[in-house]
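Here is the naming used below: chain letters follow the sequence lines, and residue numbers restart at 1 for every chain. Computed from a predicted model, the values in this text were never measured in an experiment. No hydrogens, no waters, no symmetry mates; every other heavy atom, side chains included, goes into these values.
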Number of protein chains: 4
Amino acid sequence: MPLPRNGPVRSEAARQAVLRATSELVNEVGYDHLTIEGIAVRAGVAKQTIYRWWSSRSAVVAEALVEGLLLSDHLVVPHTGSITADLHSWLQGLAGLLEDPQRAGVMTSIITAATQNAEIASHLREVLAPTESLIERLTAAVGEAPNLRLDTPIDTLADMIVGAVLVRVMSRHPLDQSAIDDLVAAVTGTK
Amino acid sequence: MPLPRNGPVRSEAARQAVLRATSELVNEVGYDHLTIEGIAVRAGVAKQTIYRWWSSRSAVVAEALVEGLLLSDHLVVPHTGSITADLHSWLQGLAGLLEDPQRAGVMTSIITAATQNAEIASHLREVLAPTESLIERLTAAVGEAPNLRLDTPIDTLADMIVGAVLVRVMSRHPLDQSAIDDLVAAVTGTK
Amino acid sequence: MPLPRNGPVRSEAARQAVLRATSELVNEVGYDHLTIEGIAVRAGVAKQTIYRWWSSRSAVVAEALVEGLLLSDHLVVPHTGSITADLHSWLQGLAGLLEDPQRAGVMTSIITAATQNAEIASHLREVLAPTESLIERLTAAVGEAPNLRLDTPIDTLADMIVGAVLVRVMSRHPLDQSAIDDLVAAVTGTK
Amino acid sequence: MPLPRNGPVRSEAARQAVLRATSELVNEVGYDHLTIEGIAVRAGVAKQTIYRWWSSRSAVVAEALVEGLLLSDHLVVPHTGSITADLHSWLQGLAGLLEDPQRAGVMTSIITAATQNAEIASHLREVLAPTESLIERLTAAVGEAPNLRLDTPIDTLADMIVGAVLVRVMSRHPLDQSAIDDLVAAVTGTK
DNA sequence: TACTAACCGAGACGGTACGTCACGTCTTGAA
DNA sequence: TTCAAGACGTGACGTACCGTCTCGGTTAGTA
């Protein structure tokens, strides 16, 4: 069924169709093979409608990302037992996601898009972990582990954790058990 | 002057012209605007010659990277005084590089290309630091700082450092003095 | 000056520019060296615009031929005196055309193109003589010459005349005076 | 089995392999899609060997034609009963050949090639009829039919017959019974 | 109630680059 | 010197998208 025509006001239906189509296509073909024409056809929208409201391909992706259409499974860092157990638990959940080639592909797509779009880049950390969630959990753990002290710069530590995972994703190294163990050990200072 | 013809064997001159042109173009226009045709024209080589020997644009870039044509200034981590001072020194050198928009652009290009090519990805760490150099320096510092203990997984720690810088580069946050201070503090455990 | 944009309807200006460019290039370089890219450049048109509306190189030539852009000098068979004189007159005019290497080249081009395109082929006879004109003239001459009788199949005879000229053109034999004499003699049955 | 290498004399085996491959390929894909590379591969010969001994693609085809490799079934014009019957018989044989799409394709190929190569062009008549055979038969028929008189220019008449068939082949009109009847009627002057 | 103006789907347009094919030239090493 | 092999620079192929531009057809807000 074709979208309704609204007259001289922006069509919300068209906007959502574009974002939805973008999300589907990133999942299916990845950012590299994502095209404006492809989005327009999939969304049943004219190309001009996209060019009217978005400045570039990456801007469409950015909005889809912000709307939460690209990665629905936000992994909250749990706060149950010890910081060691909680980090293990979160990283294992993340590793589970990355085993799904499609979702791993979406992550790679977002990384690629981030190099081209500042807004996407600023959401990069949240792709792997809701920033506040991770920072809060680490903050709460201060004093609990040798490397988590009062003077430890927590947000830099969060960057390091996310960055380490990022490097593994990009280098196509699996986030296996020993990698997780090492990461937690390096963060906490306990073996 | 045209390149010499070698007969039915691969022309080394053509190969080097391609890699050299690729390196120049990545510096000038970045990976996104790098085209096979552009490389061919700049190298004075036929497009088919590129397609004959390389499977994709990213494969050419990978080889240029391996040959050391893309980033000549490999920042060795110094080993002079304390680990704190050495990390500071190295990171400040890196920050200096990143202030040059052209070299920062090359880094971004390599990151983009890494999402498309495993070989480039596996060299990603070396783009920021010669891996052995960083790992060796950290290993030598074991016992010297609270967070550098015998049981600290050094290569994971190296990943975290490189990853943290990567996240900053991609998020377009500057690698300024306080960022460097925090990073060194998080690594060593001293303020 | 760029061509006007018509919106989502075919641009007549682009169509005519293509046909005009095709006609010029066939005259200049011949059908063998006619390329779609060459037409596009000469016409100031995108290659895709040609592929959108024509299925092949020969289809473009066919349309140019139909539009009368390729051979403007249509030789009407005169109807003045005797059939013998009129055929002589027409054939001598034709021979005159064929002495011009450029126009002879266009004829050869059309013949080549005819082997690849049925529409061109069906206009082949008109290239040498407007079919109706020749047939009408021969019909009017019935009874006037021994070989032009009531039961003579006039259109087959027209094919034979055109075919004989065609064979000479292709065999690169000149259409000289004695050839014309012989042809007229064979057609009419008078010497 | 690879061809033997002869040392510094021309390899007759290579020559024949080239002509044979050319003949096969003209039959299979037609002159338009015939390529030097294709011939070389099919013949198991180096491209250079072809370029060394032939000046162009059409020259190879010309030689294959002269060697009789392209059209083996030479239709001799019979000399049995009346000229009417004999022409009918010959033309019906020709029509039979043209019904085979492959052999019709070879004819079209030769016509195309003839526009590019004088040697092929000079053999064009023989493709449809062994010239001497047709001319001899017509000469022998002088006096036998109203339009076959002593002063009829026989070789021009042969050109007209061959030309008429050529026009039909190129226009993709079938050489059916009524066409044959008309042609014979026009030649002889009898119905 | 008509008119105006912005938005919409559609899709043609001039471009750029893609990856492939074949051209004709060349060099190699073996016969 | 010829040959098979095949790399090379060149140029055209036909395709995919780019971003821009009408075109009619809606429809909300103004006159």
Side-chain angles (χ1 to χ4, degrees), chain A residues 2-11 13-14 33-41 43-53 55-57, chain B residues 2-11 13-15 33-38 40-41 43-53 55-57, chain C residues 2-11 13-15 33-38 40-41 43-53 55-57, chain D residues 2-11 13-14 33-41 43-53 55-57:
Chain A
L3 303 175
R5 298 211 179 168
N6 283 20
V9 295
R10 178 170 186 181
S11 160
H33 298 101
L34 179 72
T35 66
I36 299 277
E37 296 214 345
I39 297 171
V41 168
V45 140
K47 267 199 297 182
Q48 187 58 45
T49 299
I50 300 180
Y51 284 109
R52 189 168 8 242
W53 300 111
S55 62
S56 66
R57 184 174 63 132
Chain B
L3 305 174
R5 292 281 180 93
N6 277 20
V9 296
R10 178 168 187 182
S11 160
R15 178 179 159 273
H33 298 100
L34 179 71
T35 66
I36 299 277
E37 294 214 344
V41 168
V45 140
K47 236 194 323 180
Q48 189 57 50
T49 297
I50 300 181
Y51 284 108
R52 191 167 9 245
W53 300 109
S55 60
S56 65
R57 185 174 62 130
Chain C
L3 303 175
R5 290 282 181 91
N6 277 19
V9 296
R10 179 168 187 182
S11 160
R15 178 179 158 274
H33 297 101
L34 179 71
T35 66
I36 299 276
E37 294 213 343
V41 169
V45 140
K47 237 193 324 179
Q48 190 56 48
T49 296
I50 300 181
Y51 284 109
R52 189 165 13 242
W53 301 110
S55 61
S56 64
R57 184 173 62 131
Chain D
L3 304 175
R5 299 209 178 167
N6 282 23
V9 294
R10 177 168 186 184
S11 160
H33 297 102
L34 179 71
T35 65
I36 298 278
E37 296 213 344
I39 296 171
V41 168
V45 141
K47 266 200 297 180
Q48 187 58 47
T49 299
I50 300 180
Y51 284 108
R52 182 155 30 231
W53 300 111
S55 61
S56 66
R57 183 174 64 132

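Between dA7(F) and T49(B), no contact under 4.0 Å exists linking OP1 or OP2 to a side-chain N or O. Look at T35(C) and you won't find any side-chain N or O under 4.0 angstrom from OP1 or OP2 of dG11(F).
Residues I50(C) and K47(C) form no side-chain contact, since every pair of their non-hydrogen atoms from C-beta on lies 4.5 Å or further apart.
Annotation: the span from W53(C) atom CH2 to R15(C) atom CZ amounts to 11.0 Å, rounded to 0.5 Å. Here the CZ atom belonging to R57(B) is positioned 8.5 Å from the OG1 atom belonging to T35(B), to the nearest 0.5 angstrom. Note: I36(C) CD1 to Q48(C) CD = 11.0 Å, rounded to the nearest 0.5 Å.
Relative to the side chain of A46(A), the nucleotides dC3(F), dG9(E), dG14(E) differ in distance, and dG9(E) lies closest. Looking at the side chain of P8(A), the nearest of the listed nucleotides dA6(E), dT20(E), dC18(F) is dA6(E). Picking from dG14(E), dT25(E), dC8(E) the nucleotide with the shortest atom distance to the side chain of Y51(D) gives dT25(E).
Residue order along DNA chain E, read from the 5' end via each residue's closest nucleotide, puts Q48(C) first among Q48(C) and K47(B).
The interatomic distance linking W53(A) (CH2) with dC7(E) (C1') rounds to 8 Å, in whole Å. Atom pair H33(A):NE2 and dC18(E):P shows a separation of 13 Å (rounding to whole Å applied). The separation between I39(D) atom CD1 and dA22(E) atom C1' is 12 Å, rounded to whole Å. Atoms CD (E37(C)) and P (dC23(E)) sit 18 Å apart, rounded to a whole Å. Counting to the nearest Å, the P atom of dG11(F) and the CG atom of L34(C) are 17 Å from each other. For the pair I36(A) CD1 and dG11(E) P, the computed distance is 18 Å after rounding to whole Å. One atom, CZ of R10(C), and another, C1' of dG24(F), lie 21 Å apart when rounded to the nearest Å. For I50(D) and dG6(F), the CD1 to P distance is 15 Å, given to the nearest whole Å.
Between A46(C) and A40(C), the shortest heavy-atom contact is C-CB, 4.3 Å.
Contact annotation for R52(B): base contact, defined as any heavy-atom pair under 4.0 Å involving a base atom.
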